[in-house]
Amino acid sequence: MSTDPSLDHERVLRAQIAAHESWANTTDRAARTAPARRALLDKFEQQVDPNGELSPAERTRRAEHARKAHFKRLALKSAQARRRAKAQAAVEVQAERELDQADHADLGITTHLDGEIGGEV
């Protein structure tokens with residue numbers, strides 16, 4: 001990362017352009033991503049049967065459950081992050097309201113529930 005955010009943004013845009021061009025020239029998307037999918041499944045099989053003692057069918061069944069647990073864990077973390085972000089946004093909105101009310105009070109301006117601003121009451 002550079003110290004200039006605009007250069008970082010340009011780098012990201014160049015990378016995105018390259019990725020889109022690459023995918024535009026990919027005839028068989030499944031074949032292109034097959035090695036990555038196989039590596040991920042192998043990872044889960046190694047996780048559930050590190051010594052290679054299970055039958056292939058049992059190892060596959062357990063690996064599938066490990067894979068599902070992994071993605072459910074990611075979904076849970078995502079939901080928690082969204083909930084935290086929503087709560088933080090609500091805190092920020094409330095803080096802005098309080099600042100606006102304090103500014104208006106300092107100026108002798110009242111605000112009505114409908115958002116209209118009026119003079120002193």
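Basis for what follows: all heavy atoms, side chains included, without hydrogens, waters or symmetry-related copies.
Contact record, Ala66 with Gln47: CB-NE2, 4.0 Å, taken as the closest heavy-atom pair. Scanning both residues, Asp49 and Arg59, for their nearest heavy atoms gives OD2-NH1, 2.8 Å.
How far NE2 of His70 is from CZ of Arg73: 8.0 Å, rounded to the nearest 0.5 Å. The CG atom of Leu13 sits 11.0 Å away from the CG atom of Asp8 when rounded to the nearest 0.5 Å. Atoms CD and CZ, from Gln88 and Arg83 in turn, are 14.5 Å apart once rounded to the nearest 0.5 Å.
A salt bridge is absent between Arg61 and Glu64: the closest approach of a Lys/Arg side-chain nitrogen to an acidic carboxylate oxygen does not fall below 4.0 angstrom. The pair Arg38-Asp42 meets the salt-bridge criterion, since a charged nitrogen lies less than 4.0 angstrom from a carboxylate oxygen.
A donor-acceptor pair is defined here as one N or O able to donate and one able to accept, closer than 3.5 Å; no such pair exists between the side chain of Arg67 and the backbone of Leu40. In terms of modelled atom types and a separation under 3.5 Å, the side chain of Thr60 and the main chain of Pro56 share a donor-acceptor contact. The backbone N or O of Glu58 lies less than 3.5 Å from a partner atom in the side chain of Ser55, making a donor-acceptor pair.
Looking at Leu7 and Glu10, their side chains come closer than 4.5 Å, going by heavy atoms from C-beta outward.
Hydrophobic clustering (ILVMFWY, side-chain heavy atoms < 4.5 Å, transitive): Val91 and Leu99 are in distinct clusters.
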